[in-house]
Amino acid sequence: MKRLQLARDADFETWRGFARAALAEGIAPDQIEWMNPDAAQADLFSSEPAKLEQEAPTAPCATPVGHVSKPGLALLRTILRYHDPQRFALAYRLLWRLQTEPALLAIATDPDMREAARMTQQIRRDMHKMKAFVRFREATQPDSDGRRHFIAWFEPENYILESVAPFFAERFSDMDWMILTPIGSILFEKGKLLCDRSPCAAPDLKDDVETLWHSYYQSIFNPARIKTKAMRSEMPTRYWKNLPETRLIPQMLADAENRVAAMVARQNDGRAPAFHERHQAEWREREAQEEARGVALNGLPALSRALESCQRCDLCRYATQSVPGIGPDHAPLMLVGEQPGDQEDLQGKPFVGPAGQVLDRVLSEVGIERSEVYLTNAVKHFKFVSKGRRRIHQTPGRTEIVACSPWLDQEIRLVQPKLIVTLGATALQAVEGRVSRLGALRGHVRDGSATRPPSLATIHPSYLLRLPEPQRAQEEEQRFMQELSVARDWLAEH
């Protein structure tokens with residue numbers, strides 16, 4: 001039986017020297033006792049410590065021995081950052097077995113692999129917590145180069161300093177800093193990173209920024225949404241003593257019930273918050289401006305010019321231009337589509353792309369002159385998503401439809417058509433003012449109202465281009481022609 005002494009904080013390189021030597025001598029894992037110099041740890045790793053006889057320790061070996069894959073080597077490096085000294089025995093057992101069991105890493109149910117997975121998970125969690133809960137305080141004034149100096153204290157569970165050091169070096173590269181822990185320190189100074197495993201004592205940390213941070217933390221604290229269980233899960237209490245904001249938590253929790261009661265009392269006093277009055281005043285002012293603007297738009301040319309500066313929604317930031325309607329001033333028939341497509345966005349005219357060509361053909365076959373029809377869209381800017389050099393159409397949402405509704409209302413008011421034909425579900429929603437099922441309404445003329453003329457719903461011609469089966473496409477086109485024929489005959493009778 002071999003007894004190999006390693007310090008409790010021994011790293012991967014130290015362990016590897018002893019593991020190589022033991023592997024070269026062919027010593028099986030059950031013939032090695034990995035000892036710790038601490039008396040309290042001396043007999044943790046042997047089932048029969050009283051019967052073991054002390055042998056001369058195996059000297060470390062620097063010569064490569066055995067073989068292990070890159071994933072296996074990465075696993076060994078990871079588990080040797082775990083805090084329990086039993087990691088040395090587990091790592092050697094895995095190394096020994098990998099010599100004859102190359103598929104071991106893929107066996108998740110193996111007891112050794114389960115233990116390694118548990119250690120790996122704990123280490124990753126510890127690294128995540130350190131990245132989340134380290135708080136720097138400014139230690140001194142900036143030097144002549146303008147670099148600031150900060151210091152932090154943290155208490156990790158595992159030997160993870162070398163693993164997390166690059167993260168902090170990249171994140172805080174514009175300042176000099178030091179992270180002190182009970183198991184060592186990380187120093188970043190003038191662009192150079194240094195890790196030291198010498199234990200450190202907790203410093204007395206406080207700076208002027210902490211008071212400002214306390215004020216901010218108190219201001220965002222919502223007593224009505226307290227979930228102490230979630231707080232302890234996401235920010236375990238073992239870290240609280242080292243975080244500046246957590247000193248406020250006990251008092252804020254104690255005051256939470258009274259603060260919630262005060263909030264409820266204010267809510268039930270019948271008075272609207274002050275900001276509500278401000279928003280209402282702003283809204284009334286915008287409505288007055290829109291009404292005045294509508295009166296000023298006494299013709300379609302003026303409407304088109306006003307539309308050029310439309311910023312009612314975000315679509316104006318990405319589209320090439322707005323696309324107004326086109327057609328006679330008092331056309332008896334208005335066709336309302338969904339939105340401009342790629343070609344319409346580039347040319348600034350509605351229905352000039354592939355769907356427009358289908359519409360031209362159907363109108364011609366039905367006997368409706370396009371020059372006598374007013375063509376427009378519910379949404380005036382092209383909504384799309386870029387894929388390489390292509391711009392792929394996206395269906396407008398409720399926000400875009402509502403934002404563009406005043407423009408469509410103005411067009412209807414100025415053109416005063418006898419009949420509106422909505423092409424597709426988006427146009428139907430824009431004209432009706434609500435979401436309606438196109439399938440249940442299409443092909444029938446519906447009565448109008450005081451502000452809207454009668455309307456007929458049908459499909460958008462682009463729907464015919466998306467049908468993969470030629471027979472189905474032909475059937476739908478025939479139905480589309482019949483529905484436009486209904487509109488033609490209705491206009492002839494009225």
Side-chain angles (χ1 to χ4, degrees), residues 313 315 318-327 333-366 368-370 373-401 404-405 407-408 411 419-432 435-443 455-488:
C313 68
L315 297 185
Y318 309 104
T320 305
Q321 58 190 318
S322 60
V323 180
I326 188 172
L333 178 62
M334 174 183 283
L335 298 185
V336 180
E338 179 187 79
Q339 67 164 352
D342 182 73
Q343 291 300 314
E344 288 81 2
D345 175 70
L346 296 175
Q347 299 184 36
K349 297 179 181 179
F351 292 98
V352 295
Q357 296 173 12
V358 174
L359 180 62
D360 287 347
R361 186 179 74 250
V362 173
L363 288 175
S364 177
E365 294 184 11
V366 170
I368 298 176
E369 293 291 336
R370 174 167 173 161
V373 177
Y374 187 85
L375 296 168
T376 189
N377 286 295
V379 175
K380 308 304 182 183
H381 285 98
F382 182 30
K383 183 177 182 179
F384 62 92
V385 59
S386 297
K387 291 188 177 180
R389 295 184 178 181
R390 299 178 59 197
R391 299 192 299 176
I392 307 301
H393 160 276
Q394 281 192 314
T395 302
R398 179 69 179 170
T399 301
E400 290 89 13
I401 296 174
C404 267
S405 60
W407 296 117
L408 182 60
E411 287 179 307
L419 179 67
I420 297 176
V421 173
T422 58
L423 306 176
T426 299
L428 176 61
Q429 179 180 349
V431 172
E432 292 284 334
V435 178
S436 303
R437 290 184 57 193
L438 175 60
L441 299 177
R442 63 180 293 189
S455 61
L456 180 146
T458 184
I459 60 171
H460 195 282
S462 62
Y463 171 68
L464 303 175
L465 299 173
R466 297 195 300 268
L467 294 174
E469 300 179 4
Q471 183 177 356
R472 175 75 187 284
Q474 185 176 2
E475 293 173 355
E476 287 294 334
E477 184 171 325
Q478 288 296 322
R479 186 179 178 184
F480 182 43
M481 293 175 59
Q482 292 174 2
E483 291 164 349
L484 288 181
S485 298
V486 171
R488 177 201 61 199

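These numbers were taken from a predicted model, which means no experiment stands behind them.
- A distance of 10.0 Å separates CG in Leu464 from CG in Leu359, rounded to the nearest 0.5 Å.
- His393 and Gln339 share a donor-acceptor pair across their side chains, judged by distance under 3.5 Å alone.
- Between Gln357 and Gln343 there is no side-chain heavy-atom pair separated by less than 4.5 Å.
- With respect to the salt-bridge test (charged N to carboxylate O, under 4.0 angstrom), the residues Arg391 and Glu344 do not qualify.
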Problem - Chi angles and distances behind the side-chain contact (heavy atoms from CB on, under 4.5 Å) call for Glu400, Gln394 - result: CA-CA 12 Å; Glu400 290 89 13; Gln394 281 192 314; over 6 Å; no
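- Listed for the Asp345 side chain is no donor-acceptor partner under 3.5 Å among the backbone atoms of Pro340.
- Side chain of Glu365 to backbone of Val362: no donor-acceptor contact under 3.5 angstrom is found.
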Exercise for the section: Any chance you could lay out the side-chain contact (heavy atoms from CB on, under 4.5 Å) test for Cys404 and His381, step after step, and finish with the verdict? Expected result: CA-CA 9 Å; Cys404 267; His381 285 98; 5.5 Å; no
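- Closest heavy-atom contact between Val323 and Pro350: CG1-N, 3.6 Å.
- Minimum heavy-atom separation, Gly443 to Glu483: CA-CG, 3.7 Å.
- Atom CD1 of Ile420 and atom CG of Leu456 lie 11.0 Å apart (nearest 0.5 Å).
- Going from atom CD of Gln321 over to atom CD of Gln347 covers 9.5 Å, rounded to the nearest 0.5 Å.
- Minimum heavy-atom separation, Lys383 to Gly397: NZ-N, 3.7 Å.
- For the pair Lys380 and Glu411, the minimum side-chain heavy-atom distance is below 4.5 Å.
- Residues Phe480 and Leu423 form a side-chain contact, since some pair of their non-hydrogen atoms from C-beta on lies under 4.5 Å apart.
- Every side chain to side chain contact (heavy atoms under 4.5 Å, CB included) that Glu469 has, sequence neighbours left out, goes to Arg472.
- A distance of 6.5 Å separates CE in Met334 from OG1 in Thr376, rounded to the nearest 0.5 Å.
- Minimum heavy-atom separation, Leu467 to Ala473: CD1-CA, 3.6 Å.
- Atom CD1 of Ile368 and atom CG of Asp360 lie 12.0 Å apart (nearest 0.5 Å).
- The distance from atom OG1 of Thr422 to atom CG of Leu438, rounded to the nearest 0.5 Å, is 7.0 Å.
- Under the rule for a side chain to side chain donor-acceptor pair (under 3.5 Å), the partners of Arg466 that lie at least two apart in sequence or sit in another chain are Ser462.
- Listed by chain and number, the residues in a side chain to side chain contact (heavy atoms under 4.5 Å, CB included) with Gln478 are Met481 (sequence neighbours excluded).
- Across all their heavy atoms, Ala378 and Val336 have their closest contact at N-CG1, 3.8 Å.
- When the shell of 6.0 Å around CZ of Arg390 is examined, it contains 12 or fewer heavy atoms from other residues, nucleotides or ligands.
- The two residues Arg370 and Leu363 make their nearest non-hydrogen contact at CB-CD1, 4.4 Å.
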